[in-house]
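Whatever order the structure lists them in is the order used to number ligands and atoms, beginning at 1. Along the sequence shown, the residues carry numbers beginning at 1.
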Amino acid sequence: MSNINNNGVDMNNQTLTELSFSAVKEINDEVAATCSGGDGYINGPDPDVILFTNPGYNGGSLGVNAAGNDGVRYVGDNFNDQISSIQIVRGTWNLFRDPNYQGFLGQFGPGSYPILTGSYRDGGTNDNIASLLRVG
Ligand SMILES: [Ca+2]
Ligand SMILES: [Ca+2]
């Protein structure tokens, strides 16, 4: 019974109330992203960035073009929390954990990134990206 406290079951120092709030917030962000549509476009010609679900540029791939200094508010259910490698053709990009450019994970310039580090469990980039914004 050592992991029961006055606020309920303690899970990794988060109460159930906090965990529920976090889950609801993520769903709200995703609904907002779906309703707002993308700014840049995905799977179009001449991509600025190509995202892959597996390391080493394998698995499903998604080309993203910012159409200027812009981004993609949500990569879609087939890529959310699954991207493991990236090729950046042009531009400087900020990557985010959640839709709508929430939860900054890191900034990447032109180049090839065969293995993203960490995971969503430890706040890393691998299997965590939901949105990306071109900033330069
Ligand atoms: Ca993956
Ligand atoms: Ca995520």
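Atom CH2 in W93 sits 11.0 Å away from atom OG in S131 (nearest 0.5 Å). The CG atom of N128 sits 10.0 Å away from atom CG of L116, with the distance rounded to the nearest 0.5 Å.
The shortest distance between side-chain heavy atoms of L51 and L132 falls below 4.5 Å. Residues N94 and Y101 have side chains not in contact (no heavy-atom distance under 4.5 Å, counting atoms from C-beta outward). Residues P47 and V64 are not in side-chain contact: their nearest non-hydrogen atoms beyond the backbone lie 4.5 Å or more apart.
Shown are the protein N/O/S atoms under 3.0 Å from the Ca ion (ligand 1), given by residue and atom: T53 O, Q82 O, S84 OG, D127 OD1.
In terms of heavy-atom proximity, Q82 sits nearest to D77 at NE2-O, 3.4 Å.
The Ca ion (ligand 2) forms the vertex of an angle spanning O of N128 and O of R97; to the nearest 10 degrees it equals 80°.
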Return all side-chain donor-acceptor pairs below 3.5 angstrom for residues 52-59, not counting sequence neighbours, or 'none' if the list is empty.
residue : atom : partner : partner atom : Å
T53     : OG1  : G60     : N            : 2.9
Y57     : OH   : Y113    : N            : 3.4
N58     : ND2  : P55     : O            : 3.3
N58     : ND2  : G56     : O            : 3.4

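Restricting D81 to its N, O or S atoms, the one at the least distance from the Ca ion (ligand 2) is OD1.
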